[in-house]
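Here the structure is a predicted model, which is why all the values come from computation and not from measurement. Each chain gets a letter, A, B and so on, in the order the sequences are listed, and its residues count up from 1.
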2 protein chains.
Amino acid sequence: MPAKPARKKAEPTLALDGNGPIYKQIERAVRGEILSGRWPPGHRIPPEHTLLQWFSTTRATVSKALTKMTEAGLLERRRKQGTIVAQSTESHAVIGFLDIRKEIEAKGREYSYRVLRSAKIVAGPKTAAWPEVPAGTPILHLQAVHSGFGKPEVLEERFINLEAAPDAVHADFEAETPNIWLLARLPCTRLRHSIKAEIATAEQAQQLQIPANGPLLVSRRRTWADALPVTCVKLVYPGERNEFVGEFNPLES
Amino acid sequence: MPAKPARKKAEPTLALDGNGPIYKQIERAVRGEILSGRWPPGHRIPPEHTLLQWFSTTRATVSKALTKMTEAGLLERRRKQGTIVAQSTESHAVIGFLDIRKEIEAKGREYSYRVLRSAKIVAGPKTAAWPEVPAGTPILHLQAVHSGFGKPEVLEERFINLEAAPDAVHADFEAETPNIWLLARLPCTRLRHSIKAEIATAEQAQQLQIPANGPLLVSRRRTWADALPVTCVKLVYPGERNEFVGEFNPLES
DNA sequence: CCTCTCTTTATGTGTAGACAATAACCGATA
DNA sequence: TATCGGTTATTGTCTACACATAAAGAGAGG
């Protein structure tokens with residue numbers, strides 16, 4: 001005798017849209033709840049067991065969708081506790097740091113790289129920006145300009161740890177930029193970078209062919225191969241002409 | 001009659017290290033080959049079928065490891081064609097863009113947020129930095145200062161689309177910064193930001209209490225909720241005192 | 001009241017196998 | 001030779017199930 005089903009939960013039981021793989025449909029459905037605010041930050045979403053019934057699929061598929069969203073920072077999952085909507089939707093952003101050659105060529109300009117100075121030194125006061133190398137370490141000190149159509153675009157000042165890359169003294173960096181040369185030889189297992197703004201010195205302004213005291217965007221990067229410091233590079237961009245742009249789309253991937 | 005086995009491949013058949021989940025061990029093993037240069041960019045790695053034999057596991061597990069690395073940009077996979085090591089080992093980096101309040105409080109300073117100006121305007125020449133809103137859209141225009149111990153740290157100029165967030169006119173942004181306020185109400189589905197260097201105007205220098213013509217780091221962000229532009233914000237940091245730092249460890253996750 | 005243990009819930013990881021989709025490859029044919 | 005078509009290798013997605021692991025909660029014993 002079928003008595004009144006006595007609404008068990010009255011939850012709307014999300015629906016799939018039939019587009020593409022099931023795990024992506026689940027992702028869209030859940031994301032829709034979050035983005036619409038129906039599932040606010042901190043909300044505990046139904047457990048996998050419930051979702052697999054709503055969507056008539058298996059745990060592996062539901063889990064794949066939720067795990068992906070967790071990696072994207074949209075959800076937080078804990079055993080026993082369940083899955084909750086993450087608190088901070090915005091946290092960090094990705095910025096493109098392409099190969100400078102590609103950057104310049106992408107603007108349709110002919111690329112050239114010219115080494116202004118190349119000297120073998122030892123770590124000391126000159127490498128103050130690179131505190132990780134012990135004083136006395138042999139270092140290759142490079143100063144160079146990246147240009148497009150002969151017009152200087154970026155200044156580069158680089159230190160290369162010759163204990164990590166002894167061959168660097170013989171390399172032809174006008175044929176292959178140090179960045180590329182190093183990457184091809186030594187794995188980069190750690191990278192640290194920073195960005196700041198500075199005012200152009202007279203020398204920099206002249207080298208970049210910009211007015212004196214103009215703004216500069218300075219990017220400094222240090223890389224390691226395992227525990228061994230490999231290189232420290234300072235890239236100087238004219239502030240007026242350059243902008244680092246990043247785009248982040250929480251909806252995808 | 002067992003003839004000489006005639007070395008089939010002589011491939012070293014990578015080994016697992018026994019630490020943690022199998023798929024992570026596979027990840028480390030493969031990453032090791034890539035970072036060491038033994039598998040250079042463009043190299044075709046053994047198909048899943050081979051790897052699952054090397055590692056005595058199943059396709060699902062191998063696939064999980066490789067798919068994860070693909071999402072991280074280390075590999076490229078195509079049906080039938082196989083899996084190859086991605087060309088650009090270095091491509092982009094993550095930069096922390098935390099809540100300014102947290103940034104300042106992390107330095108141990110007492111945070112305060114003061115609204116300098118708040119005006120209801122319509123989109124037009126004043127919102128040139130925000131081309132996505134059609135002219136005539138009602139906009140809330142805010143100017144504010146983030147301070148630590150009373151000392152100005154960051155200038156903020158913000159536009160809020162009142163069609164997206166009509167309540168913003170009544171919000172008390174000194175109690176809750178616009179960033180937090182908006183995030184709690186509207187989902188951010190797309191975010192676009194850029195960084196550039198500028199020279200402080202007299203007014204900015206005075207507001208930030210820095211010398212005139214000093215360097216500034218300018219970050220501009222625009223966000224969308226689905227297709228609807230929500231806010232456009234320009235954050236101005238004194239270049240001397242601030243640095244955006246990011247750390248990236250290709251070995252993890 | 002506190003602490004310990006047991007149970008329960010939910011996610012984390014793994015196995016085994018299936019079919020689908022894609023694109024390279026190879027052979028047959030015009 | 002060039003093109004068409006079938007075969008095959010490889011990844012993409014899914015089902016179904018199993019056991020491991022973390023943590024909350026309940027109950028027993030002090």
Side-chain angles (χ1 to χ4, degrees), chain A residues 8-9 11 13-30 33-34 39 42-86 252-253, chain B residues 8-9 11 14-30 34 39 42-86 252-253:
Chain A
K8 303 196 163 187
K9 274 274 185 162
E11 190 108 32
T13 71
L14 305 187
L16 299 181
D17 58 15
N19 269 107
I22 298 177
Y23 75 87
K24 285 191 180 169
Q25 297 183 47
I26 297 177
E27 219 185 309
R28 276 194 296 276
V30 171
E33 296 304 294
I34 296 173
W39 290 355
H43 173 82
R44 180 170 167 183
I45 81 169
E48 293 180 348
H49 179 67
T50 306
L51 293 178
L52 68 87
Q53 288 179 334
W54 286 7
F55 300 135
S56 312
T57 180
T58 59
R59 239 198 91 205
T61 303
V62 171
S63 187
K64 181 169 186 172
L66 299 185
T67 302
K68 237 184 119 207
M69 295 176 77
T70 303
E71 280 163 6
L74 218 67
L75 298 176
E76 287 171 25
R77 324 187 72 200
R78 245 157 293 170
R79 281 164 164 146
K80 166 68 186 179
Q81 189 175 332
T83 302
I84 62 172
V85 178
E252 328 245 296
S253 168
Chain B
K8 303 197 161 184
K9 274 274 185 159
E11 190 107 35
L14 306 188
L16 299 181
D17 58 15
N19 268 107
I22 298 177
Y23 75 88
K24 285 191 180 169
Q25 296 182 48
I26 296 177
E27 219 186 310
R28 275 195 297 276
V30 171
I34 295 173
W39 290 355
H43 173 83
R44 179 169 167 184
I45 82 170
E48 294 180 350
H49 180 67
T50 306
L51 293 178
L52 68 88
Q53 287 179 335
W54 286 7
F55 300 135
S56 312
T57 180
T58 59
R59 238 199 93 204
T61 303
V62 171
S63 187
K64 182 169 188 172
L66 299 185
T67 302
K68 235 183 123 208
M69 295 175 77
T70 303
E71 280 163 6
L74 218 66
L75 298 176
E76 287 172 25
R77 324 188 71 199
R78 246 158 291 170
R79 280 164 163 146
K80 167 69 187 179
Q81 188 173 332
T83 302
I84 62 171
V85 178
E252 329 243 297
S253 168

Distances under 3.5 Å only, N/O to N/O: pair up the protein atoms with those of nucleotides 12-16 of chain C.
from, atom 1, to, atom 2, distance (Å)
C:dG12, OP2, A:R77, NH1, 2.7
C:dG12, O4', A:R79, NE, 3.3
C:dG12, O4', A:R79, NH2, 2.7
C:dG12, N7, A:R59, NH2, 2.8
C:dG12, O6, A:R59, NH1, 2.9
C:dT13, OP1, B:Y23, OH, 3.4
C:dT13, OP2, B:Y23, OH, 3.1
C:dG14, OP1, B:I22, N, 2.2
C:dT15, OP2, B:T57, OG1, 2.4
C:dT15, OP2, B:T58, N, 3.4
C:dT15, OP2, B:T58, OG1, 3.3
C:dT15, OP2, B:T61, OG1, 3.1

Once you round it to whole Å, what is the distance between [atom2] of [N] and [atom1] of [X]?
X	N	atom1	atom2	value
A:F55	D:dC14	CZ	C1'	16 Å
B:H49	D:dG12	NE2	P	17 Å
A:E71	C:dT11	CD	P	16 Å
A:L51	C:dT11	CG	C1'	13 Å
A:I84	D:dA23	CD1	P	14 Å
B:R44	D:dT11	CZ	C1'	11 Å
B:E76	D:dG12	CD	P	12 Å
B:K80	C:dT22	NZ	P	15 Å

Can you tell me how far apart [atom1] ([X]) and [atom2] ([Y]) are? Round to the nearest 0.5 Å.
X	Y	atom1	atom2	value
B:I26	B:K68	CD1	NZ	11.5 Å
B:T61	B:L51	OG1	CG	12.0 Å
B:I84	B:E76	CD1	CD	5.0 Å
B:L16	B:I22	CG	CD1	7.0 Å

Check for a donor-acceptor pair, side chain of [X] on one end and backbone N or O of [Y] on the other, with a separation under 3.5 Å.
X	Y	answer
A:T67	A:S63	yes
B:Q25	B:G18	yes
B:T70	B:L66	yes

- Taking only the side-chain nitrogens and oxygens of B:T83, find out if one of them lies under 4.0 Å from OP1 or OP2 of D:dT10.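 Negative; the distance criterion is not met.
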* For A:D17, which residues count as a side chain to side chain donor-acceptor pair (under 3.5 Å) partner, sequence neighbours excluded? ->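 Once residues adjacent in sequence are excluded, the partners of A:D17 under the side chain to side chain donor-acceptor pair (under 3.5 Å) criterion are A:R28.
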Salt bridge check, A:E48 against A:R77: does any charged N sit closer than 4.0 Å to a carboxylate O?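 The answer is yes: the pair qualifies as a salt bridge.
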If we fit an axis to the first five pairs and another to the last five of the helix from C:dC1-D:dG30 to C:dA30-D:dT1, what angle do they make, to the nearest 10°?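 Comparing the axis at each end, I get an angle of 10°.
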